[in-house]
Peer 1: 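Quick one: structure below, then a few questions.
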Amino acid sequence: MRIDVVTIFPGYFDALELSLMGKARDRGLIDLHVHDLRDSAHDKHRTVDDTPTGGGAGMVMKPEPWGAALDGILVGAGAGSDAASEAGEQPLAEPAAEPLIIFPSPAGEVFTQAMARELAHEQHLVFGCGRYEGIDQRVFEEYAERGRVRLVSIGDYVLNGGEVASIAMVEAIGRLLPGVVGNPDSLVEESHEAGLLEYPSYTKPAEWRGRRVPDVLLSGNHAAIDAWRHEQSVERTRRVRPDLLGD
Ligand SMILES: Nc1cc(-c2ccc3ccn(Cc4ccc(CN5CCCC5)cc4)c3c2)n[nH]1
């Protein structure tokens, strides 16, 4: 999967060099490209923001730098025209898959494990990280007409920009790619995977500060263990997230 990120704070994405995502990149499972939006702001002061038309507090991100940055990525992704196709022959390579542009936004559809699973099948994701009070609306309109755009929220709270939300989504999506997580079985039993919260986990020692591991987990009876774990998931979900049970 190719991932492009556009941001005025490229340093945020150093975090994705680490650990799991770092390994995924080293193994070519994720091809991450981070672009500084200011490189696409061609005025003398590399301006990316201006006052909100109609008044209001704060600043809004100008459309021109976003247009230049996203065009640069999409044209590249469109694989442009290579010599073969210009010569009218069949293009040699598979035509690149159309990128999906994700703009993190407090006003977006809420990101879920189901959406992470869906997006893990994409060939090319582009994350547009806004800052200030957001991005000029015409950017979303322009690219929604030309391709696929989704505004996505990672929860009902306001961050200072889209970078942290993008990192969260890249991690949630990236870990679902085949080969990224060592043991794919661990992806099946996790929280939200089956629409339930995860069961409680234990490890050695069998007793710690007078607290014992539940006997069933020490029984070696895997049918009983699976049943206990499912019941724990259902009970925890009912207590903490009844909304997930559609009750
Ligand atoms: N799940 C989640 C995602 C985000 C998120 C994502 C991108 C940006 C870009 C800028 N901001 C800060 C920010 C500050 C104030 C307002 C509210 N203003 C009221 C009038 C106009 C807008 C909106 C936005 C982001 C926040 N936050 N939470």
Side-chain angles (χ1 to χ4, degrees), residues 3-16 21 32-41 43 45-74 99-120 122 124-176 190-192 197 240-241 243-244:
I3 298 177
D4 287 276
V5 178
V6 180
T7 172
I8 59 171
F9 293 121
Y12 261 88
F13 294 87
D14 295 351
L16 292 179
M21 289 301 110
L32 179 69
H33 299 258
V34 182
H35 309 265
D36 186 336
L37 180 66
R38 291 194 193 282
D39 293 344
S40 297
D43 66 299
H45 298 292
R46 305 209 320 160
T47 312
V48 294
D49 64 310
D50 205 334
T51 53
T53 306
M59 302 292 273
V60 173
M61 299 190 103
K62 294 169 60 57
E64 301 96 325
W66 278 102
L70 291 173
D71 285 356
I73 292 166
L74 298 184
L100 171 65
I101 307 177
I102 295 171
F103 291 102
S105 166
E109 57 185 300
V110 177
F111 186 69
T112 61
Q113 188 67 15
M115 192 189 296
R117 278 198 297 272
E118 178 195 343
L119 296 183
E122 291 286 342
H124 186 182
L125 296 176
V126 180
F127 286 87
C129 301
R131 274 273 156 172
Y132 305 100
E133 297 290 312
I135 302 170
D136 186 299
Q137 181 66 20
R138 291 168 292 180
V139 175
F140 306 137
E141 292 166 1
E142 165 78 359
Y143 290 94
E145 274 173 26
R146 288 174 46 180
R148 296 181 298 143
V149 168
R150 289 173 82 165
L151 271 61
V152 182
S153 163
I154 62 165
D156 293 337
Y157 42 86
V158 183
L159 299 165
N160 281 332
E163 287 80 8
V164 165
S166 296
I167 289 171
M169 288 189 266
V170 167
E171 182 158 314
I173 295 162
R175 66 193 297 276
L176 297 178
E190 61 184 13
S191 246
H192 299 286
L197 298 185
V240 176
R241 290 293 304 279
D243 58 298
L244 293 178

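Small disclaimer: the values here were computed from a predicted structure and weren't measured. We count ligands from 1, going down the list as the structure has it; atoms in each ligand are counted the same way.
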Peer 1: Give the minimum heavy-atom separation between Met115 and Val110, together with the two atoms involved.
Peer 2: CE-O, 3.4 Å
Peer 1: What is the closest protein heavy atom to atom 20 (C) of ligand 1, and at what distance does it sit?
Peer 2: Glu133 OE1, 4.0 Å
Peer 1: Which of parallel (below 30°), tilted (30 to 60°) and perpendicular (above 60°) describes Tyr12 and Phe9?
Peer 2: tilted
Peer 1: Donor-acceptor pair, Tyr143 side chain versus Leu70 backbone, under 3.5 Å?
Peer 2: no
Peer 1: Val158 heavy atoms, cut-off 4.0 Å: which ligand 1 atoms fall inside?
Peer 2: 13 (C), 14 (C), 27 (N), 28 (N)
Peer 1: What residue and heavy atom of the protein are closest to atom 25 (C) of ligand 1, and at what distance?
Peer 2: Gly161 CA, 3.7 Å
Peer 1: Quick one: which of Tyr132, Tyr157, Phe103 has a heavy atom closest to atom 10 (C) of ligand 1?
Peer 2: Tyr132
Peer 1: Using a strict 4.0 Å cut-off to heavy atoms of Gly155, name the atoms of ligand 1 that fall inside it.
Peer 2: 1 (N)
Peer 1: Quick test: of every protein heavy atom, which one is nearest to atom 24 (C) of ligand 1, and how far off is it to 0.1 Å?
Peer 2: Pro106 CG, 3.9 Å
Peer 1: Is Ala165 in polar range of ligand 1, meaning some N or O pair under 3.5 Å apart?
Peer 2: no
Peer 1: Counting only heavy atoms closer than 4.0 Å, does ligand 1 sit against the backbone of Ser105, its side chain, both, or neither?
Peer 2: backbone
Peer 1: Using a 4.0 Å heavy-atom cut-off, say whether Asn160 meets ligand 1 through its side chain, its backbone, both or neither.
Peer 2: backbone
Peer 1: For ligand 1 and Val152, I'd like to know whether there is a polar contact (N/O to N/O, distance under 3.5 Å).
Peer 2: no
Peer 1: Can you list the ligand 1 atoms lying under 4.0 Å from a non-hydrogen atom of Ser153?
Peer 2: 1 (N)
Peer 1: Answer yes or no: is there an ion pair linking Arg138 with Glu145, defined by an N-O contact shorter than 4.0 Å?
Peer 2: no
Peer 1: Test your reading of the structure: does Ile154 have an N or O sitting under 3.5 Å from an N or O of ligand 1?
Peer 2: yes
Peer 1: Is the shortest distance from a Lys or Arg side-chain nitrogen in Glu122 or Arg148 to a carboxylate oxygen in the other one below 4.0 Å?
Peer 2: yes
Peer 1: Of all heavy-atom pairs between Pro65 and Thr47, which one has the smallest distance, and what is that distance?
Peer 2: CG-O, 3.7 Å
Peer 1: Measure the CE-CD1 distance between Met169 and Ile154 for me, rounded to the nearest 0.5 Å.
Peer 2: 6.5 Å
Peer 1: Could you go through Tyr132 and Asp50, starting from their C-alpha distance and side-chain angles, then the distance that decides it, and tell me whether this counts as side chain to side chain donor-acceptor pair (under 3.5 Å)?
Peer 2: CA-CA 10 Å; Tyr132 305 100; Asp50 205 334; over 6 Å; no
Peer 1: Which protein non-hydrogen atom lies closest to atom 6 (C) of ligand 1, naming both residue and atom, and how far is it?
Peer 2: Pro104 O, 3.5 Å
Peer 1: When you check the gap from the basic side-chain N to the acidic O, do Arg175 and Glu171 get nearer than 4.0 Å?
Peer 2: no
Peer 1: Which residue holds the protein heavy atom closest to atom 26 (C) of ligand 1, what is that atom called, and what is the gap in Å?
Peer 2: Leu159 O, 3.4 Å
Peer 1: Do the side chain of Arg38 and the main chain of Arg46 share a donor and acceptor less than 3.5 angstrom apart?
Peer 2: yes
Peer 1: Identify, by atom number and element, the atoms of ligand 1 in contact range of Gly130, meaning under 4.0 Å from any of its heavy atoms.
Peer 2: 9 (C)
